[in-house]
Colleague: 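Shown below is the structure under consideration.
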Number of protein chains: 4
Amino acid sequence: MASVNKVILIGHLGKDPEVRHLEGGNSVANFTMATNEYYKDKQGNRVERTEWHTVAAWRGLAELAEKYLRKGQQVYVEGRIRTRQYQDKDNQTRYVTEIIAEEISLLSNRPATDSAQPVVAAETPTTFRQEPELDQLPF
Amino acid sequence: MASVNKVILIGHLGKDPEVRHLEGGNSVANFTMATNEYYKDKQGNRVERTEWHTVAAWRGLAELAEKYLRKGQQVYVEGRIRTRQYQDKDNQTRYVTEIIAEEISLLSNRPATDSAQPVVAAETPTTFRQEPELDQLPF
Amino acid sequence: MASVNKVILIGHLGKDPEVRHLEGGNSVANFTMATNEYYKDKQGNRVERTEWHTVAAWRGLAELAEKYLRKGQQVYVEGRIRTRQYQDKDNQTRYVTEIIAEEISLLSNRPATDSAQPVVAAETPTTFRQEPELDQLPF
Amino acid sequence: MASVNKVILIGHLGKDPEVRHLEGGNSVANFTMATNEYYKDKQGNRVERTEWHTVAAWRGLAELAEKYLRKGQQVYVEGRIRTRQYQDKDNQTRYVTEIIAEEISLLSNRPATDSAQPVVAAETPTTFRQEPELDQLPF
DNA sequence: TTTT
DNA sequence: TTTT
């Protein structure tokens with residue numbers, strides 16, 4: 001029977017997306033997002049913990065991410081968890097967990113202070129969805 | 001800026017889907033789903049409350065709902081809330097709130113006792129997504 | 001077996017919360033939230049549709065809503081769908097669907113232009129959860 | 001402003017939960033869950049990919065997980081992503097990503113074939129929530 | 001590396 | 001009745 005693997009994040013981009021164009025014609029944009037948790041320590045002091053998420057946007061979403069996302073923006077990301085394994089330089093198996101984005105929405109328009117111009121014009125679309133891939137079609 | 005309107009339901013179908021074919025070529029399947037809440041009343045007794053949800057699946061999803069969903073099945077539905085208004089027979093404005101399905105997954109294969117044959121063959125797809133409509137494309 | 005009834009909304013408040021104090025000591029805050037959908041009509045024009053959601057926050061969340069939420073703010077609301085029935089003035093049964101809030105987060109600090117002072121100080125908490133009720137405890 | 005870090009999984013347990021009792025009185029249950037994706041490869045063949053998720057349930061949820069969860073059961077898990085770093089035996093920094101469970105619901109009652117008796121009696125609660133911790137209280 |  |  002079916003399963004569900006869904007992630008919903010709201011946070012700020014830690015850096016501008018980095019886009020790579022792969023052999024075979026695919027492209028992927030990677031960026032990081034911060035979410036914050038707060039708790040009180042044993043002395044009752046407010047403590048903040050930042051969780052950093054690595055997001056990967058493929059194909060059409062990669063291009064939209066490259067065009068519209070900038071460091072510091074507040075975004076909503078919906079996607080799924082994927083853990084890849086690879087061999088490190090010592091030939092040991094390592095794992096990296098990423099969020100594969102399926103939908104990205106802009107929640108704020110404010111770019112990072114070191115980004116020059118306003119990112120998004122007023123009439124710009126603010127929700128982007130991954131076009132359905134073969135692997136999302138019923139079969 | 002963007003907004004989000006998302007519903008996630010897991011429950012059992014209250015009846016087989018009813019499909020209507022609209023003028024203009026569109027079709028829509030309607031069914032109901034029950035979710036349950038439990039609480040303790042003031043005497044400490046366990047009380048169960050059933051919430052009934054009306055789900056509408058359009059176009060391609062309507063056909064899949066008609067084909068694969070049966071009363072009693074446990075399903076996962078992801079969608080959005082939509083409230084429509086209409087005039088009742090006394091010409092008063094009334095409102096009805098529905099869940100517009102965007103994804104439906106089968107979590108159990110058990111049909112209602114009054115449904116004759118097994119609903120889903122082993123090799124049947126168990127997750128269905130609405131094909132993207134014009135209103136889901138970035139523009 | 002268990003069921004799930006979950007709603008996630010991101011949108012702007014249509015009005016300040018209205019708080020009622022019920023006999024029995026309970027309080028409830030009601031407010032509306034807008035979410036927007038876009039689609040292209042048959043002529044290819046961009047059309048916007050606004051969906052209005054009625055949110056109810058009970059007890060502790062009611063007080064936090066009253067204190068921190070204002071018309072125009074962008075908020076994240078997580079909750080569940082509840083449809084109540086009541087008798088209208090002609091003694092006919094009517095239904096109203098609400099979102100019972102379980103978590104509310106402030107995504108923007110900007111109050112409506114007609115709200116006088118800044119709503120939230122820098123050090124203000126920005127995520128509020130409903131304290132667990134009897135009906136949320138395992139039993 | 002606030003952020004959101006939410007994960008929703010539906011899948012089957014890969015093994016019985018393993019519970020550790022930590023110094024300081026805390027306990028944690030770890031288990032794995034599988035979710036499946038399907039896609040068609042370039043030859044048009046149906047391919048299945050299994051994603052394995054590591055779930056950690058703390059304190060009260062750990063005890064409930066130990067008592068009610070078994071290999072093979074279908075569960076709904078709601079939680080948040082957490083990546084921890086640690087030093088491996090070669091003193092290199094490594095990362096591991098887990099889902100910290102906040103709610104667990106039983107969707108099926110079927111234990112793994114190698115588990116002896118039925119896991120859950122008919123009247124057993126089937127939804128478990130983490131009791132709110134200090135770090136979940138508004139402050 | 002974000003944000004308040 | 002919100003927002004861009």
Colleague: At under 4.0 Å between heavy atoms, what does D/S3 touch on the DNA or RNA strands: base, sugar-phosphate, or nothing?
Modeller: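 It contacts nothing in the nucleic acid.
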Colleague: Over how many whole Å does the gap from C/E18 atom CD to F/dT2 atom C1' extend?
Modeller: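 Between C1' of F/dT2 and CD of C/E18: 15 Å.
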Colleague: If the threshold is 4.0 Å, N to carboxylate O, is there a salt bridge linking D/K6 and C/E78?
Modeller: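 Yes, charged N to carboxylate O under 4.0 Å.
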Colleague: Whether the side chain of A/T83 engages the backbone of A/T97 through a donor-acceptor N/O pair (distance < 3.5 Å, no angle test) should be reported.
Modeller: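 Absent.
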Colleague: Please state how far atom CZ in C/R70 lies from atom P in F/dT1, giving the value in whole angstrom units.
Modeller: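 Taking CZ of C/R70 and P of F/dT1, I get 20 Å after rounding.
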Colleague: Round to the nearest Å and state the distance from A/L13 atom CG to E/dT1 atom C1'.
Modeller: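 It works out to 10 Å between those atoms.
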Colleague: When you get a sec, tell me which of F/dT1, F/dT3, E/dT1 is the closest nucleotide to the side chain of C/K71?
Modeller: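 Nearest listed nucleotide: F/dT1.
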Colleague: Less than 4.0 angstrom from a charged side-chain N to a carboxylate O is my criterion; do A/R80 and D/E51 meet it?
Modeller: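 No, A/R80 and D/E51 are not salt-bridged.
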Colleague: Of the nucleotides E/dT2, F/dT1, F/dT3, which one has an atom closest to the side chain of C/E48?
Modeller: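 Nearest to the side-chain atoms of C/E48, counting from C-beta on, is F/dT3.
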Colleague: Is the base of E/dT4 touched by the side chain of C/T126 through a donor-acceptor pair closer than 3.5 angstrom?
Modeller: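 Side chain to base: no pair below 3.5 Å.
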Colleague: Kindly state whether the ring of D/Y95 and the ring of D/Y86 have centres lying under 6.0 angstrom apart.
Modeller: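 No: the rings miss the under 6.0 Å criterion.
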Colleague: Can you check the C/H53 NE2 to F/dT1 C1' distance for me, whole Å?
Modeller: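 C/H53 atom NE2 is separated from F/dT1 atom C1' by 13 Å.
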Colleague: Measure from OH on C/Y76 to P on F/dT2 and round the result to the nearest Å.
Modeller: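 Rounding to the nearest Å, OH of C/Y76 and P of F/dT2 are 25 Å apart.
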Colleague: Report yes or no: does C/T35 contribute a side-chain atom to a donor-acceptor pair with the main-chain N or O of B/V4 at less than 3.5 Å?
Modeller: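 Not at all, since once roles are kept as given, no pair shorter than 3.5 Å links the two residues.
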Colleague: Looking only at side-chain atoms of C/N36, point me to the closest of F/dT3, E/dT2, F/dT1.
Modeller: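 Between F/dT3, E/dT2, F/dT1, the one nearest the side chain of C/N36 would be F/dT3.
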Colleague: Would you mind reading off the distance between C/L106 atom CG and E/dT3 atom P, rounded to a whole angstrom?
Modeller: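 After rounding, the reported distance stands at 18 Å.
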Colleague: Write down the distance between NE2 (C/H12) and P (F/dT3), rounded to a whole number of angstrom.
Modeller: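 In whole Å, F/dT3 P and C/H12 NE2 are 7 Å from each other.
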Colleague: Do we see C/W52 stacking on the base of F/dT2, given a limit of 5.5 Å between centres and 30° between planes?
Modeller: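 The ring of C/W52 is not stacked on F/dT2.
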Colleague: Rounded to whole angstrom units, what separation is found between the OH atom of B/Y95 and the P atom of F/dT1?
Modeller: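 Nearest whole value for this atom pair: 13 Å.
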Colleague: From E/dT2, F/dT1, F/dT4, pick the nucleotide closest to the side chain of C/Y38?
Modeller: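 From the listed options, F/dT4 comes nearest.
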